[in-house]
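Okay, structure first, notes after.
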Number of protein chains: 2
Amino acid sequence: MRILLVEDEPEMAVALSAALKGHDMVVDHVPTLAQAEEAISADVHRAVLLDRQLPDGDGLVLIPKLRARAVGIPIIVLTARGELVDRVAGLDHGADDYLAKPFAVDELVARLRAVLRRPAGMQCDLLRVGRLAFDLAHREASVEGRPFQLPRRELLVLETLLRRIGRTVLRSSLEEAVYSFDDEIQSNALDTHVSRLRRKLTEAQAGVEIHNIRGVGYLLKHSR
Amino acid sequence: MRILLVEDEPEMAVALSAALKGHDMVVDHVPTLAQAEEAISADVHRAVLLDRQLPDGDGLVLIPKLRARAVGIPIIVLTARGELVDRVAGLDHGADDYLAKPFAVDELVARLRAVLRRPAGMQCDLLRVGRLAFDLAHREASVEGRPFQLPRRELLVLETLLRRIGRTVLRSSLEEAVYSFDDEIQSNALDTHVSRLRRKLTEAQAGVEIHNIRGVGYLLKHSR
DNA sequence: GACCCTACATTGCGGCTACATTACGGAGAG
DNA sequence: CTCTCCGTAATGTAGCCGCAATGTAGGGTC
């Protein structure tokens with residue numbers, strides 16, 4: 001199991017490398033975005049651990065390039081910024097998981113194994129449910145090949161539900177995914193988005209349903 | 001699943017309680033160390049969320065006392081101080097995990113579940129009885145793979161009985177698991193939940209039965 | 001066995017809360 | 001200016017849940 005670690009702080013890099021080696025992993029460490037790009041082109045890594053704060057830019061910009069070169073490779077973003085906005089930003093950019101520093105090494109290893117265990121289908125960046133398809137890379141939905149255009153908020157709701165299809169998404173998670181930190185909401189705005197999205201999904205015969213779990217959140221599933 | 005939250009900031013406490021409640025947990029909130037000690041002596045909580053900055057001292061001093069009273073109970077320390085030094089201090093004092101504010105509620109819940117799973121960590125966290133399966137991690141029940149949806153209280157009853165399958169659960173234990181301190185009830189509400197749960201279990205042909213032990217409590221077992 | 005007391009079972013009702021849906025108006029883009 | 005998006009609020013609806021009334025079964029005593 002060979003891992004690419006993109007991290008500029010030497011202390012952190014050494015510690016992580018040691019820990020991962022202890023778990024029978026082979027770690028290649030690079031400190032910059034440029035070197036990371038070069039390393040990934042060798043196409044020998046099964047996963048990428050990506051710090052955001054790098055000397056030559058935000059680690060997130062690397063994600064699309066990684067996706068272009070090695071489509072299904074799992075990416076876990078590491079960051080000192082634990083704010084929700086950043087978390088969402090990370091996942092929106094196509095990362096597979098996100099870990100805020102400080103974190104337990106055990107947790108990192110656990111999540112790494114989790115993303116590596118995932119079936120190949122999940123790693124594809126085109127989610128399909130019913131007649132609906134969602135291109136995570138371009139953030140576009142389509143029904144039976146026809147573009148299914150949605151306003152921003154509704155698209156965020158749909159994407160968030162799709163990323164956790166068949167499993168309940170907490171109402172709070174949904175709010176966090178749709179609204180940034182300083183967007184203050186004091187109404188049932190989220191409900192209206194869900195409602196409008198529902199109508200459009202049925203009108204387009206997307207073949208998916210949004211169920212409500214009372215007191216908990218929502219869940220998207222294939223309709224029958 | 002009943003949790004003790006030790007937190008003095010009302011705003012944070014309210015938010016956390018609400019969030020945890022959304023995950024089908026029962027939360028008792030106390031704002032001081034003294035009250036925390038008293039609450040834990042009731043011995044009904046399965047985990048403790050402990051803030052460090054409390055009006056009557058550092059939350060860490062509570063840990064040895066908790067360990068004395070409730071040996072294996074998981075403790076997660078919450079703190080505004082996210083420095084590594086503090087982290088180590090927290091773990092050194094015997095906490096099971098450590099979370100720096102601000103944190104995502106989802107992450108807290110995930111870690112809470114992780115530490116609660118730990119004793120049974122080697123086993124799969126999917127309890128199976130008859131045709132019924134209960135996913136402890138996601139707090140979802142299913143019958144033969146089909147989702148088996150239940151309201152909050154009934155789910156709590158089912159989970160509590162499942163965790164002690166084949167053994168009688170005291171009526172008082174069940175009440176403690178389902179209701180928090182201030183949820184005090186004065187009727188046979190618990191019985192009605194058991195009744196409704198029974199009906200749903202038979203309707204879904206779950207293959208389990210809830211037996212009553214007169215004057216003692218209830219017991220869940222495989223129905224032949 | 002007759003009787004009674006108590007614990008449990010079951011059901012319907014009402015209040016409460018969460019959710020669904022619709023209409024409206026403001027704000028920003030073109 | 002016009003159109004779309006989106007937050008707000010009002011209104012309607014459904015589900016949960018505590019409560020109480022009524023029925024049933026267990027177990028004790030005589």
Side-chain angles (χ1 to χ4, degrees), chain A residues 139 141 147-161 168-203 209-220, chain B residues 14 17-26 139 141 147-161 168-175 177-203 209-220:
Chain A
R139 303 181 48 74
F148 180 54
Q149 211 164 324
L150 288 174
R152 190 168 131 267
R153 301 287 200 204
E154 292 171 36
L155 197 70
L156 280 168
V157 169
L158 179 60
E159 180 183 3
T160 308
L161 291 174
T168 59
V169 178
L170 294 182
R171 186 185 188 81
S172 58
S173 306
L174 216 46
E175 281 170 357
E176 286 166 2
V178 174
Y179 297 100
S180 73
F181 215 53
D182 32 281
D183 278 338
E184 206 166 310
I185 297 304
Q186 17 175 290
S187 76
N188 61 347
L190 181 63
D191 300 59
T192 73
H193 290 303
V194 170
S195 177
R196 293 194 263 247
L197 177 57
R198 266 202 191 110
R199 173 202 295 226
K200 286 173 190 168
L201 284 172
T202 58
E203 276 175 1
E209 291 171 356
I210 299 179
H211 288 257
N212 169 262
I213 312 295
R214 188 183 174 85
V216 182
Y218 291 91
L219 169 148
L220 187 137
Chain B
V14 168
S17 295
L20 293 173
K21 193 177 165 190
H23 286 266
D24 288 325
M25 294 176 182
V26 176
R139 304 189 46 76
F148 180 54
Q149 205 169 316
L150 289 175
R152 193 175 123 76
R153 301 286 199 206
E154 290 171 36
L155 197 71
L156 282 167
V157 169
L158 179 60
E159 180 184 4
T160 308
L161 291 175
T168 58
V169 178
L170 293 182
R171 185 187 187 81
S172 58
S173 307
L174 213 48
E175 280 171 357
V178 175
Y179 297 99
S180 69
F181 284 136
D182 33 77
D183 273 343
E184 206 66 33
I185 53 166
Q186 346 161 324
S187 76
N188 62 345
L190 181 63
D191 300 60
T192 75
H193 289 303
V194 171
S195 174
R196 293 194 263 248
L197 177 57
R198 268 208 267 248
R199 173 201 293 230
K200 286 173 190 169
L201 285 172
T202 58
E203 275 176 0
E209 291 171 357
I210 299 179
H211 288 259
N212 170 261
I213 312 296
R214 190 181 173 84
V216 183
Y218 291 92
L219 169 147
L220 187 138

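Numbered from 1 within each chain, the chains take letters A, B, ... in sequence-line order.
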Atom [atom1] of [X] to atom [atom2] of [N]: distance rounded to whole Å?
| X | N | atom1 | atom2 | value |
| --- | --- | --- | --- | --- |
| H211(A) | dC19(C) | NE2 | P | 15 Å |
| Y179(B) | dG18(D) | OH | P | 4 Å |
| R171(A) | dA20(C) | CZ | C1' | 11 Å |
| E175(B) | dG18(D) | CD | C1' | 13 Å |
| L174(A) | dA20(C) | CG | P | 11 Å |
| R152(A) | dA27(C) | CZ | P | 17 Å |
| I213(A) | dG15(D) | CD1 | C1' | 13 Å |
| L190(B) | dA20(D) | CG | P | 16 Å |

Closest to side chain of [X], choosing from [options]:
| X | options | answer |
| --- | --- | --- |
| R198(B) | dC17(D), dC8(C), dT11(C) | dC8(C) |
| P151(A) | dT8(D), dC8(C), dC5(D) | dC5(D) |
| R214(B) | dA20(C), dA25(D), dC19(D) | dA25(D) |
| T192(B) | dT10(C), dC16(D), dA9(D) | dT10(C) |
| R153(B) | dG18(D), dT10(C), dC6(D) | dG18(D) |
| S195(A) | dT22(C), dG18(D), dC6(D) | dT22(C) |
| R199(B) | dA9(C), dC17(D), dT11(C) | dT11(C) |

Looking across every strand, which nucleic acid part, if any, lies under 4.0 Å from [X] by heavy atom: base, sugar-phosphate, or nothing?
| X | result |
| --- | --- |
| R196(B) | base |
| N212(B) | sugar-phosphate |
| A189(B) | sugar-phosphate |
| E154(A) | nothing |

Does a side chain donor of either R199(A) or S195(A) reach within less than 3.5 Å of an acceptor in the other side chain?
no
With distance as the sole criterion, is a donor-acceptor pair present between the side chains of T202(B) and R198(B) under 3.5 Å?
no
Using modelled atom types and a 3.5 Å cut-off, is there a donor and acceptor pairing between side-chain atoms of R153(A) and backbone atoms of V178(A)?
yes
Want to settle it: does K200(A) or S187(A) sit nearer the 5' end of DNA chain D, counting the closest nucleotide to each?
K200(A)
Kindly indicate whether the side chain of D191(A) and the base of dT22(C) share any N or O donor-acceptor pair separated by less than 3.5 Å?
no
What distance separates E159(B) CD from L150(B) CG, expressed to the nearest 0.5 Å?
11.5 Å
State whether H193(A) places a side-chain N or O below 4.0 Å from either non-bridging phosphate oxygen (OP1 or OP2) of dG7(D).
yes
For dA18(C), does OP1 or OP2 lie under 4.0 Å from any side-chain N or O of Y218(A)?
no
Could you walk me through whether Y179(B) and L156(B) pass the side chain to side chain contact (heavy atoms under 4.5 Å, CB included) test, one step at a time?
CA-CA 9 Å; Y179(B) 297 99; L156(B) 282 167; over 6 Å; no
Within the 4.5 Å heavy-atom criterion, are V169(B) and L219(B) side-chain neighbours or not?
no
